[in-house]
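The residues of the chain are indexed from 1 along the displayed sequence. Order of listing sets the numbers, starting from 1, for every ligand and every atom in it. These figures come from a predicted structure and were not determined experimentally.
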Amino acid sequence: MHPTVNIAVRAARAAGDVVLRYHNQIDLLTIENKSENDFVSEVDKAAENAIINEIKKAFPEHSILGEETGEILGDSSYQWVIDPLDGTTNYLHGFPQYAISIALFEKKILTHGVVYDPFKEELFTASKGEGAYLNNERMRVTSTNGLQNTLIGTGFPFRHPQHLDCYLKTFKAIHPHVSGIRRAGSAALDLAYLAAGRLDGFWEIGLNSWDIAAGALLVKEAGGFIGDFSGRDQYLETGNVVAGNADVYKILLKTIHPHLTQELQR
Ligand code: IPD
Ligand code: CA
Ligand code: CA
């Protein structure tokens, strides 16, 4: 494993310890409402601090973008993008589908990514050009052709109600052609599962860069494709994501596009 990924793994495990320490005592947590349907607990914040401490210990000069902390300015050639708990709503309900997501950009290029599910002890890692791994086993996306017999992941735009009608149109267009659609509640894990061949495709509107960055590298290093709704690579900026194995990615893009509002056609 690349030494930089080792640091990211150490940070993810430190955050995982925080997350697991509280997972049986959710009733005791103070939960704040950041905005409608957007919750944050002291676990999110403590997990983020644990990650930042580990990164700072190894790379005191690097800059960091954390979901809860915002930007920590440093050497802008190195930027860590972290989501200390992806799937907070699941976590707060004791629904065991959540993860820690940590990515590094070097000179704006995504070079390392870690998604860690502390509950299932599944560690997904990737470094640019070096493949993607689940607990040290190489991962590959599926090789299905067409949508028949595929399992597709998605997320509902619960924070962007203005996009719900459009989202439902894309859902209706995809639904009849696939075996199943799953809304599991952690975009980082959805992408990790796609990389691991547990899903064949994925789409979601309005994500943030910390939800996507590490998972995007997992998908690419596992031989998959990820893009925005135009099939370009602006997904970290727009938050609109389509991903899949080569064929499913192409078909999802084609299926979704006619149903998009003008605003989302980018
Ligand atoms: C959320 C999860 C969810 C997705 C949301 C994200 P959070 O992240 O990834 O699957 O549908 O859009 O914001 O808030 O639990 O870190
Ligand atoms: Ca998230
Ligand atoms: Ca989060």
Exercise for the section: For atom CD of Glu61, decide whether the heavy atoms of other residues, nucleotides or ligands shown that lie under 6.0 angstrom number more than 12. Expected result: yes
Output the distance between atom [atom1] ([X]) and atom [atom2] ([Y]), rounded to the nearest 0.5 Å.
| X | Y | atom1 | atom2 | value |
| --- | --- | --- | --- | --- |
| Leu218 | Thr125 | CG | OG1 | 7.5 Å |
| Ile55 | Trp80 | CD1 | CH2 | 5.0 Å |
| Thr154 | Ile174 | OG1 | CD1 | 7.0 Å |

Mind checking whether [X] contacts ligand 1 via backbone (N, CA, C, O), side chain (CB onward), both or neither, at a 4.0 Å heavy-atom cut-off?
| X | value |
| --- | --- |
| Ala187 | both |
| Phe158 | side chain |
| Asp83 | side chain |
| His160 | neither |

Practice task
Around the Ca ion (ligand 2), list the protein N/O/S atoms within a radius below 3.0 Å, excluding water molecules.
Solution key: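 Within the sphere that stays under 3.0 Å of the Ca ion (ligand 2), the protein atoms of type N, O or S are Asp83 OD2, Asp86 OD1, Asp211 OD1.
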Handout entry: Test: Lys108 and Glu237 ion pair at under 4.0 Å
Key =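 Here Lys108 does not pair with Glu237 in a salt bridge, since their nearest N and O are not under 4.0 Å apart.
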Practice task
Output all residues satisfying salt bridge (Lys or Arg N to Asp or Glu O under 4.0 Å) with Glu121, sequence neighbours left out; order by chain, then residue number.
Solution key: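 Once residues adjacent in sequence are excluded, Glu121 has no partner under the salt bridge (Lys or Arg N to Asp or Glu O under 4.0 Å) criterion.
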Problem - His23 ring center within less than 6.0 Å of Tyr91 ring center - result: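 Aromatic pair excluded; centres sit 6.0 Å or further apart.
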Exercise for the section: Using distance alone, decide if ligand 1 has a nitrogen or oxygen within less than 3.5 Å of any nitrogen or oxygen in Leu85. Expected result: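 Yes.
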Handout entry: Check: Asp190 N/O within less than 3.5 Å of ligand 1 N/O
Key = no
Handout entry: Plane angle bin for Tyr78 and His62 - parallel if under 30°, tilted between 30 and 60°, otherwise perpendicular
Key = parallel
Handout entry: Parallel, tilted or perpendicular: rings of Phe171 and Trp203 (30°, 60°)
Key = tilted
Among [options], which one puts a heavy atom closest to [atom]?
| atom | options | value |
| --- | --- | --- |
| atom 3 (C) of ligand 1 | Gly215, Gly185, Ser101, Gly239 | Gly185 |
| atom 7 (P) of ligand 1 | Gly153, Gly87, Gly206, Ser186 | Gly87 |
| atom 8 (O) of ligand 1 | Thr154, Leu92, Asp86 | Asp86 |

Exercise for the section: Give the atoms of ligand 1, by number and element, whose distance to some non-hydrogen atom of Thr88 is under 4.0 Å. Expected result: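 With Thr88 as reference, the close atoms of ligand 1 come out as 15 (O).
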Handout entry: Ligand-residue contact atoms, ligand 1 with Glu67, heavy atoms, under 4.0 Å
Key = 16 (O)
Exercise for the section: Decide yes or no on side chain to side chain donor-acceptor pair (under 3.5 Å) for Asp200 and Thr144, but give the supporting numbers first. Expected result: CA-CA 7 Å; Asp200 302 285; Thr144 44; 3.2 Å; yes
Handout entry: Heavy-atom gap Tyr91 to ligand 1 smaller than 4.0 Å
Key =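 Heavy atoms of Tyr91 never come under 4.0 Å of ligand 1.
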Handout entry: Asn208 near ligand 1 by a heavy-atom separation under 4.0 Å
Key = no
Exercise for the section: Walk me through it: do Ser127 and His112 pass the test side chain to side chain donor-acceptor pair (under 3.5 Å)? Expected result: CA-CA 4 Å; Ser127 294; His112 302 287; 2.8 Å; yes
Practice task
Let me see the working for Thr69 and Glu48 under side chain to side chain donor-acceptor pair (under 3.5 Å), right down to the final yes or no.
Solution key: CA-CA 8 Å; Thr69 314; Glu48 183 152 303; 2.4 Å; yes
